[in-house]
Trainee: 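Dumping the structure here so I can ask a few things about it.
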Amino acid sequence: MNNKFLKSIVAGIIATIAMTVLTVISGKLGMPKMEPPHMLATTLGAPVVVGWMMHFMIGVSFALIYTYVISGWFEKINSVVLKGVVFGVIAAVMAKVSMTIMGKMFDTMPAPSGNMALVLMGLVMGHILFGIVVVWFIHRK
């Protein structure tokens with residue numbers, strides 16, 4: 001697959017699936033339950049299917065941002081994993097800022113449940129996995 005745009009879309013979808021699976025598994029292992037699609041749907045007063053579509057659209061958008069904006073920042077980093085980790089941290093910060101803004105804009109946004117340190121750790125871990133998958137998929141030959 002040589003088309004950068006299409007490759008980015010597929011990378012965003014695969015990475016979003018990986019991150020979502022991680023959040024489901026970690027919730028079963030005692031981490032706070034995190035359900036981004038349900039949070040998005042509840043915030044907007046929309047059906048859960050809309051939250052799922054938005055979750056994947058956001059993942060694809062982040063992958064496109066990596067491909068067309070951020071990837072050039074990492075030219076001196078040789079490790080695909082390290083590039084993914086750095087991108088994942090950037091994505092986590094962008095997600096947290098976006099969630100904070102949405103929380104201020106909408107009264108219907110559900111508050112995170114559980115220990116806040118664990119919630120933030122889960123947010124960062126999920127986005128690091130997302131970043132590694134996006135970077136690996138985009139840079140693979």
Side-chain angles (χ1 to χ4, degrees), residues 1-44 46-141:
M1 184 180 318
N2 292 329
N3 182 325
K4 246 173 40 167
F5 184 75
L6 183 59
K7 202 174 199 180
S8 299
I9 290 172
V10 173
I13 291 169
I14 292 170
T16 301
I17 291 169
M19 183 177 77
T20 303
V21 167
L22 177 67
T23 61
V24 170
I25 292 170
S26 64
K28 304 265 186 225
L29 297 174
M31 291 286 287
K33 190 175 179 183
M34 296 196 286
E35 298 176 313
H38 296 274
M39 180 194 70
L40 290 165
T42 301
T43 300
L44 299 175
V48 174
V49 70
V50 172
W52 277 102
M53 291 184 333
M54 288 183 64
H55 183 55
F56 278 93
M57 288 179 4
I58 292 165
V60 168
S61 298
F62 276 17
L64 289 166
I65 289 169
Y66 173 78
T67 299
Y68 291 103
V69 178
I70 296 175
S71 64
W73 300 352
F74 304 147
E75 289 176 351
K76 294 186 181 195
I77 301 174
N78 293 324
S79 169
V80 169
V81 173
L82 183 56
K83 286 180 185 183
V85 169
V86 174
F87 173 58
V89 170
I90 292 169
V93 169
M94 290 170 57
K96 182 60 181 155
V97 167
S98 298
M99 289 187 309
T100 302
I101 292 170
M102 283 178 60
K104 300 290 183 199
M105 290 173 56
F106 299 98
D107 293 336
T108 56
M109 184 166 177
S113 62
N115 181 311
M116 259 330 265
L118 291 177
V119 169
L120 290 174
M121 188 170 77
L123 175 89
V124 172
M125 285 176 16
H127 284 89
I128 285 175
L129 175 63
F130 174 86
I132 290 170
V133 172
V134 165
V135 173
W136 172 81
F137 193 87
I138 288 172
H139 291 293
R140 72 186 180 94
K141 301 285 184 229

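Side chains are part of it too, since the values below use all heavy atoms of this structure and drop only hydrogens, waters and symmetry mates.
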Trainee: Verify side-chain contact (heavy atoms from CB on, under 4.5 Å) between Leu123 and Val119, making sure each step is shown before the conclusion.
Mentor: CA-CA 6 Å; Leu123 175 89; Val119 169; 5.6 Å; no
Trainee: At their closest point, which heavy atom of Gly12 faces which heavy atom of Phe130, and how far apart are they?
Mentor: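 Taking Gly12 first and Phe130 second, the nearest heavy atoms are O-CE1, 4.0 Å.
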Trainee: How far does CD1 of Ile90 sit from CD1 of Ile128, to the nearest 0.5 angstrom?
Mentor: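 If we round to the nearest 0.5 Å, Ile90:CD1 and Ile128:CD1 are 11.0 Å apart.
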Trainee: For the CG atom of Leu22 and the CE atom of Met125, what is their distance to the nearest 0.5 Å?
Mentor: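 Spacing of CG (Leu22) from CE (Met125) equals 5.5 Å.
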Trainee: Compare all side-chain heavy atoms of Val48 with those of His38 and state whether any distance is below 4.5 angstrom.
Mentor: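 Val48 reaches His38 side chain to side chain.
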Trainee: State the CZ-CD1 distance between Phe137 and Ile14, to the nearest 0.5 angstrom.
Mentor: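 Phe137 atom CZ to Ile14 atom CD1 measures 4.0 Å (nearest 0.5 Å).
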Trainee: Quick one: side-chain hydrogen bond (donor to acceptor under 3.5 Å, both in side chains) pairs with a partner in residues 71-81, sequence neighbours left out?
Mentor: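 Sorted pair list comes back empty.
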Trainee: Run the side-chain donor-acceptor check on residues 56-69: report pairs under 3.5 Å with partners two or more places apart or on a different chain.
Mentor:
from	atom 1	to	atom 2	distance (Å)
Ser61	OG	Met57	O	2.8
Tyr66	OH	His139	NE2	2.7
Thr67	OG1	Ser8	OG	2.6
Thr67	OG1	Ala63	O	3.1
Tyr68	OH	Phe5	N	3.3

Trainee: Under 4.5 Å between any side-chain heavy atoms of Met19 and Val133, yes or no?
Mentor: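 With C-beta onward as the side chain, the pair stays apart.
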Trainee: Could you check if a side-chain atom of Val50 sits within less than 4.5 angstrom of a side-chain atom of Pro47, using non-hydrogen atoms only?
Mentor: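 Heavy-atom side-chain distance check passes, below 4.5 Å.
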Trainee: Distance check, rounded to the nearest 0.5 Å: Leu44 atom CG versus Met39 atom CE?
Mentor: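 If I round to the nearest 0.5 Å, the distance is 9.0 Å.
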Trainee: Taking Thr20's backbone N and O only, do any of them form a donor-acceptor pair with Thr23's side chain (distance below 3.5 Å, no angle check)?
Mentor: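 Looks like yes, one N/O pair under 3.5 Å.
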Trainee: Give the minimum heavy-atom separation between Val135 and Gly84, together with the two atoms involved.
Mentor: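 That would be CG2-CA, 3.7 Å.
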